[in-house]
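When a residue number appears, it is its place in the shown sequence, counting from 1.
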Amino acid sequence: MKYSTLIFLLVFSSVLLAQKNNYGDKFPFNPESEKDAQFVLTDNYNTYLFSHVNDHGMQSQHEVILRKFDQKNALVDTFSFEFPGMGASTLYNFLGMYQRNENEVVAYTHGYTGKMDKMEVHEIIFNKTTSSFSERLIFTHPIESNSKSGDIAFRVSENGQFAALVYTPYSKRKEPNKSMIMVFNTASGDEVWKKDVVFNDTNEKHVAVTNSGNILWVRIEKGFKAETNQIIEVTATETRQLAFPEKTALFEPKVFSIGSQDYFMAFYEDKSFGVQVGKFNRLLMYSITDEKVLNDNKIEALTQYKSLTGFSPSEITNVKISELIIADNSINLILETMYKAGTVNKPMFAGSSATIEQDLIKYGVGYVLQTDMAGKVINATTLKTSVGMLPEISNSLGIINVQGDFYINTGWYYGLYKPSQLNDLNDEYGRQLFGYSTLSDYGVFVNQLMHYSPDSRILKLARYHSDKTMSLMDMSNFPK
């Protein structure tokens, strides 16, 4: 009798702990218009989905959207707020967003109009306690015209503690460039410091904000054949040009910290390798604090790109360092590649019958590059991912930290796995893991759209459907 009871309890416990998939109903969502969808303000009762729309033209729409869901992933309410503007002639850019605290999400928008000869940057705050929006003007500046309105960048530091706004008004080619910097504390929204910086012979190429709250600029010499980058660090008290090798033209740097030291990693092109290996053929790690290159690696992983995608490495348009993870005394770079797959005709603006030919960009292969703590590459792993995903639908992969382990999400293709599981995967694993719902349209997983709740051990995912809808899904007791 006791033995039977023990068996029953073991079976009952295994049933309770079994991994289950709970599917929510569909709700309207058009990925061609709504961008940057992400889960925010999650708690044990509700989840919010953030997105924004910025369509110009006959069917213009410019707004921030928050959708509220209950524990069963049913849509409870939808909140929206129009971008603050200066009348019907205003043109807009969405600059970025972050979650300020457990109750607030903050978004930044840029509006400009030649009719009034000025630009404005607004902060939009959504408060989930009051279910309301508020906004404030944080910056304004005169402009010459719509085509001469200047350049603007918004960045958030990797540790999430600082946000930076950098505005460079229009100037003629031979005139100095003056850039205006504002750095904010993300927890309060208060300004930490601001400064104007003037450059005579360089233009901005990339800009980032470090975990120390400083501005890092990659600037390029003026001129069509410029190959040498300058690395500029701007703090509240000084502006300094860092020592850097000549004729090294960097792609977008990934800025991070180890302890109190600031670093970046970035790809660049060594043209001596030839066109066949592509532009992203070297990776360096640079110490901002010590002003020196710690390691400079030849990257050979991408040479097999054609056998994996059907496209040459020379067609690669971008290699994104989507995540940088420091663990077990090594640095892991999660890479997503994008390639040109031809051209496509797209509407000139929302609702327009006129089209314009554009490059057709798709996601390619994903990789993990493992380096030592000084940036020397010690291992390169090709991930099993979906190839050919359109950026407006989904990334080729998503990354999430679950109880100290990072998982790669590839949806139906190869499921959700740790890189150490690669040899055990097949193309049916994703379907076995996620199962099928009662929906007639299984949809496409939005690989980068995930949230993990450690207390409840629930992993939340999302899918797009062919009828311009989305649905949410919970995977309980994850990991097993």
Side-chain angles (χ1 to χ4, degrees), residues 157-161 208 210-212 216 231 244-245 248 250-268 270 277-278 280-305 308 316 318-337 364-385 395-410 414-425 447-448 450 452 454 479:
S157 62
E158 187 207 22
N159 61 10
Q161 295 179 12
T210 70
N211 287 342
S212 305
L216 184 79
I231 308 299
F244 196 71
T248 305
L250 299 177
F251 294 101
E252 186 81 28
K254 183 72 170 181
V255 180
F256 63 101
S257 299
I258 301 175
S260 61
Q261 306 279 304
D262 289 331
Y263 303 86
F264 71 77
M265 283 193 174
F267 285 93
Y268 74 95
D270 186 336
V277 299
F280 300 83
N281 53 43
R282 296 201 73 92
L283 174 75
L284 62 78
M285 179 169 170
Y286 184 87
S287 170
I288 300 170
T289 306
D290 297 331
E291 297 188 49
K292 66 178 181 179
V293 175
L294 302 183
N295 265 293
D296 189 343
N297 307 270
K298 180 179 179 181
I299 301 300
E300 299 181 346
L302 301 180
T303 59
Q304 303 299 316
Y305 203 75
L308 297 168
I316 297 174
N318 193 16
V319 177
K320 297 195 303 181
I321 304 176
S322 297
E323 196 76 33
L324 186 150
I325 301 167
I326 299 175
D328 300 326
N329 208 35
S330 64
I331 302 171
N332 298 278
L333 304 179
I334 314 299
L335 308 180
E336 291 185 89
T337 63
V365 184
Y367 300 88
V368 177
L369 289 186
Q370 184 184 25
T371 78
D372 63 19
M373 296 300 285
K376 181 180 179 180
V377 174
I378 55 179
N379 190 37
T381 302
T382 303
L383 295 172
K384 290 187 175 180
T385 60
N395 291 16
S396 59
L397 58 89
I399 310 106
I400 194 163
N401 186 322
V402 177
Q403 300 177 354
D405 287 327
F406 67 92
Y407 286 78
I408 306 295
N409 180 30
T410 63
Y414 292 97
L416 189 77
Y417 61 86
K418 293 186 286 187
S420 59
Q421 296 175 304
L422 272 170
N423 294 333
D424 301 323
L425 299 179
N447 293 327
Q448 72 276 15
M450 296 181 287
Y452 183 69

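- Annotation: K376, atom NZ; neighbour count of heavy atoms from other residues, nucleotides and ligands within 6.0 Å does not exceed 12.
- Interatomic distance, I334 CD1 to F406 CZ, rounded to the nearest 0.5 Å: 4.0 Å.
- Going from atom OG1 of T382 over to atom NZ of K384 covers 11.0 Å, rounded to the nearest 0.5 Å.
- Rounded to the nearest 0.5 Å, atoms CD1 (I400) and CE (M450) are 5.0 Å apart.
- Listed here is the closest heavy atom pair of N395 and N447: O-ND2, 2.9 Å.
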Chi angles and distances behind the side chain to side chain contact (heavy atoms under 4.5 Å, CB included) call for T289, Y263: CA-CA 7 Å; T289 306; Y263 303 86; over 6 Å; no
Intermediate values then yes/no, side chain to side chain contact (heavy atoms under 4.5 Å, CB included), I331 and L324: CA-CA 7 Å; I331 302 171; L324 186 150; 3.8 Å; yes
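- In terms of heavy atoms, F251 sits closest to Y268 at CD1-CA, 3.8 Å.
- Between E336 and S322, the closest heavy-atom pair is OE2-OG, 2.7 Å.
- Annotation for E158 and V255: closest pair CB-O, 3.8 Å, computed over non-hydrogen atoms.
- When atom types are taken as modelled, the side chain of D262 and the backbone of I288 share no donor-acceptor pair closer than 3.5 angstrom.
- A donor atom on one side chain and an acceptor atom on the other are not found under 3.5 Å apart for D372 and S330.
- Of all non-hydrogen atoms in F256 and N211, the two that sit nearest each other are C-ND2, 4.1 Å.
- To the nearest 0.5 Å, atoms CG (L397) and OH (Y414) are separated by 13.5 Å.
- Taking the six-membered ring wherever Trp is involved, the centroid distance between the rings of Y452 and Y407 does not fall below 6.0 Å.
- Here the CG-OG distance, from N159 to S212, works out to 8.0 Å after rounding to the nearest 0.5 Å.
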